[in-house]
Amino acid sequence: MGSFRLFDLNDAQRAAVVQTTGPVLILAGAGTGKTRVITARIAYLVAQGVKPANILAVTFTNKAAGEMRERVAGMVSEGETKKLTLSTFHALCVRLLRQDIEPLGWKKNFSIYDQGDSLGLIRAIITRTAAKDEKLEPGAAQALVSKLKNDPRIAAGGAPNDSTLVGAVFNRYQAELKRMNAVDFDDLLLLAVRLLKEHPEVRQKWRDRYHYLMVDEFQDTNRLQLDLVSQLAHGDPPNVCVVGDDDQSIYGWRGAEVSNILEFERHFPNPAVVKLEQNYRSTNAILHTANSLIKNNPRRRPKTLWSEHGTGDKVRLVPAPNEQEEAAYIIAEMRQKITDGLAQSFADFAVVYRMNSQGDFIERHLKEAGIECLRVGGKSFFDRREVKDVLAYIACLLNTDDDSALLRIINLPPRGLGDTTIDRAMAHSITTRTSLFKAINDPAFLGTMSPKVRAAFQEFGVLLDEFETKMLAVGASYEEVVARLLDEIGYFPEMRRHCKGEDEALRRETNVRDLLRDLGRYQERSPDGGLRGFIDKLTLDQEREDRKREDFLAQTPRVTLITLHAAKGLEFPHVYLLGLEEGLLPHERSKVEGTVDEERRLLYVGITRARRFLTMSYCVNRTKFGSAMSCTPSSFLKELSRDHLELIQASAVLNAPVSETSAKGHFSQMREMLGKSG
DNA sequence: TGCTTTATAGTTTTT
DNA sequence: CTATAAAGCA
């Protein structure tokens with residue numbers, strides 16, 4: 001604590017740390033100690049007498065923010081660490097909006113719609129809006145809506161053309177959200193920016209708070225995120241330090257603008273630019289291969305990674321007849337490496353690929369071979385129905401206008417309010433332009449219902465009222481009140497009724513109990529956060545606790561199976577990059593969409609994950625949609641330097657050791673395939 | 001209301 | 001081929 005040492009840093013890192021004023025652009029290549037520099041810089045600022053409360057560091061993920069806090073805590077006192085603002089973009093915006101959103105026309109208790117909530121709303125709007133012959137995929141619509149929100153004209157308060165289906169869906173979607181006193185993830189950014197732009201007194205308040213800004217993973221920022229930084233930045237010149245690597249920008253399809261980092265000078269003139277090129281992760285064979293690939297990208301800030309680790313083993317390129325043999329090769333080589341002592345355990349390996357479906361295949365093969373694996377990313381976060389149910393009840397208590405939450409629980413457990421009734425209530429809420437909750441309490445509407453239905457609505461309203469009061473009571477334990485609510489509505493028996501087997505029932509019940517326990521713990525730890533704070537935290541941090549626990553409890557070392565996207569930021573002693581085929585990497589679609597550069601960066605990210613050994617493979621034939629298709633090796637392979645590359649036939653490891661003559665044959669084959677370049 | 005049949009498409013994913 | 005979603009059916 002209270003100790004960090006500048007002389008532990010290399011020259012470039014130190015330069016980045018001590019440049020505390022004005023705009024700073026830190027170009028941090030893969031594995032160059034980026035997190036170390038950011039955390040050291042924060043510690044240095046504090047050591048220089050800057051008040052921790054005046055420092056703001058923004059990251060993309062909760063994981064990154066947490067990691068940063070942990071590492072800063074090792075250099076700065078506990079009291080000072082607490083005063084720092086280390087936050088994700090979205091969490092920062094929530095904080096801002098919870099205090100100051102009112103001038104924009106939302107109430108402070110607004111609900112936050114996550115991706116799933118938002119998709120549900122969009123789906124409902126499409127069915128209501130689209131003509132019979134018009135079709136629009138909800139997922140595609142959602143992506144377009146998100147894109148529109150990053151459009152400067154929309155961000156400035158404009159609306160898209162109402163006569164196109166997408167435009168109409170967008171406009172209705174926005175109106176519905178506002179009617180429900182709700183915002184989606186993009187709105188968090190959009191509204192925060194609008195608030196700062198349009199309300200000078202609010203802007204001043206937040207500028208007074210933060211004098212030193214730092215942004216991590218700047219290459220992944222979108223337009224709104226840059227706007228937010230620009231709005232918060234102040235002073236002449238402003239103290240804005242961004243850290244990133246344009247070569248690792250792989251989220252363009254999600255709205256990230258590489259131009260934010262490529263044209264940083266345009267947004268913040270005369271920055272100090274520091275390049276971190278000394279890599280502490282990989283061998284030079286791996287770095288050389290990575291450098292040779294990425295230099296083919298036209299729009300980039302040139303960087304050349306190097307390390308003091310020596311050349312290391314050659315990078316292997318393995319053609320396999322098909323994906324079965326590709327898998328068999330990997331398994332055989334992993335076993336061989338463990339036998340040879342080149343790897344400690346299966347946990348030293350990562351298998352990295354472009355598409356999740358490739359992971360299914362390799363997972364099957366590994367399991368068959370009796371090798372444990374850990375699948376990172378993918379699905380699994382959608383099957384928490386029971387948690388969503390309970391959260392919907394809480395959401396209703398916090399914001400009765402939240403229709404999505406209300407719809408979820410209005411007939412759960414069944415209280416005689418079926419689809420037809422709800423449809424009528426929805427229709428009434430739409431015509432009267434009020435929330436569903438107001439509609440079902442409107443005498444004009446209730447008068448049209450049968451006495452039975454009317455009683456059901458009234459009873460439901462009383463229930464919500466009663467528990468809202470209980471929740472607001474001074475000294476109320478949220479955990480207890482929610483538990484009482486679940487008891488009162490008979491939630492567990494009802495849930496049990498819907499479960500197939502006893503294990504499912506038990507699992508779901510455990511999930512809910514865990515949620516309640518988390519709620520209790522949250523209230524203990526952050527008594528000021530309120531129930532709202534708990535819900536916000538869950539909405540903005542979808543990373544499940546159980547996953548962490550599962551990782552922690554894992555007894556057997558496991559091979560990591562991961563997509564290239566999810567692998568960013570991670571490292572492994574041994575990396576297998578699968579499916580280096582034209583159409584897969586670069587993906588076919590990228591060629592149509594003109595985003596091959598981003599695919600090249602994706603491969604670059606993959607290569608730079610490896611510490612000591614890297615093996616890349618491709619299939620000559622691959623089963624696609626049920627039938628075998630012949631594949632062409634990825635065009636990226638031609639760009640790789642041959643200096644540290646060796647060609648290995650899959651059969652070489654599967655069968656006998658390679659003889660010298662056949663090895664020569666392989667080299668000439670490789671030369672032929674790779675052409676004259678490199 | 002819940003289950004089976006049929007159509008359809010088929011990257012990458014965090015907040 | 002296979003997962004998933006909408007549609008149809010009991």
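First the proteins, then the strands, lettered A, B, ... as listed; each starts at 1.
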Within 45° cone of Y604(A) ring axis and under 6.0 Å: R601(A) NZ or CZ: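 Because its charged atom misses either the 6.0 Å distance or the 45° angle limit, R601(A) does not stack over Y604(A).
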Going by modelled atom types, is there a donor-acceptor pair between the base of dT12(B) and the side chain of R254(A) at under 3.5 Å?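 Checked by distance alone, the answer is no.
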Ring-on-base stacking dT12(B) with H565(A) (under 5.5 Å, under 30°):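 So H565(A) does not count as stacking on the base.
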Cationic N near anionic O, under 4.0 Å, E459(A) to R415(A): no
Pair D227(A) + R223(A): basic N to acidic O under 4.0 Å: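 Salt bridge: yes.
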Parallel, tilted or perpendicular, judged at 30° and 60°: which one describes the rings of F185(A) and H90(A)?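 Taking H90(A) first and then F185(A), their aromatic rings stand perpendicular (interplane angle over 60°).
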So, does N356(A) get its side chain near the phosphate of dT13(B), meaning an N or O under 4.0 Å from OP1 or OP2?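 For N356(A), the contact criterion (side-chain N or O under 4.0 Å from OP1 or OP2 of dT13(B)) is met.
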Quick one: is N62(A) getting a side-chain N or O under 4.0 Å of the dT15(B) phosphate, OP1 or OP2? yes
May I ask you to say what E599(A) touches in the nucleic acid, namely base, sugar-phosphate or nothing, with a heavy-atom cut-off under 4.0 Å?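 No contact.
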Using a heavy-atom cut-off of 4.0 Å across all strands, would you classify F60(A) as base, sugar-phosphate, or nothing? sugar-phosphate
Side-chain atoms of residues 590-597 of chain A: list all donor-acceptor pairs with protein atoms under 3.5 Å, sequence neighbours left out, distances to 0.1 Å.
| from | atom 1 | to | atom 2 | distance (Å) |
| --- | --- | --- | --- | --- |
| S590(A) | OG | H587(A) | O | 2.6 |
| K591(A) | NZ | E582(A) | OE2 | 2.9 |
| D597(A) | OD1 | R600(A) | NH1 | 3.4 |

Residue-level proximity of residues 136-151 of chain A to DNA chain B when a heavy atom falls under 4.0 Å: none
Could you work out the separation of dT12(B) and dA5(C) based on their P atoms and round it to a whole Å?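 Nearest-Å result for dT12(B) against dA5(C) at atom P: 15 Å.
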Please state the C1' separation for the pair dT13(B) and dT2(C) - nearest whole angstrom.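 Those two atoms are separated by 22 Å.
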Check whether the ring centres of F60(A) and F89(A) lie less than 6.0 Å apart, and answer yes or no.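 Yes, they do, as the ring centres are separated by less than 6.0 Å.
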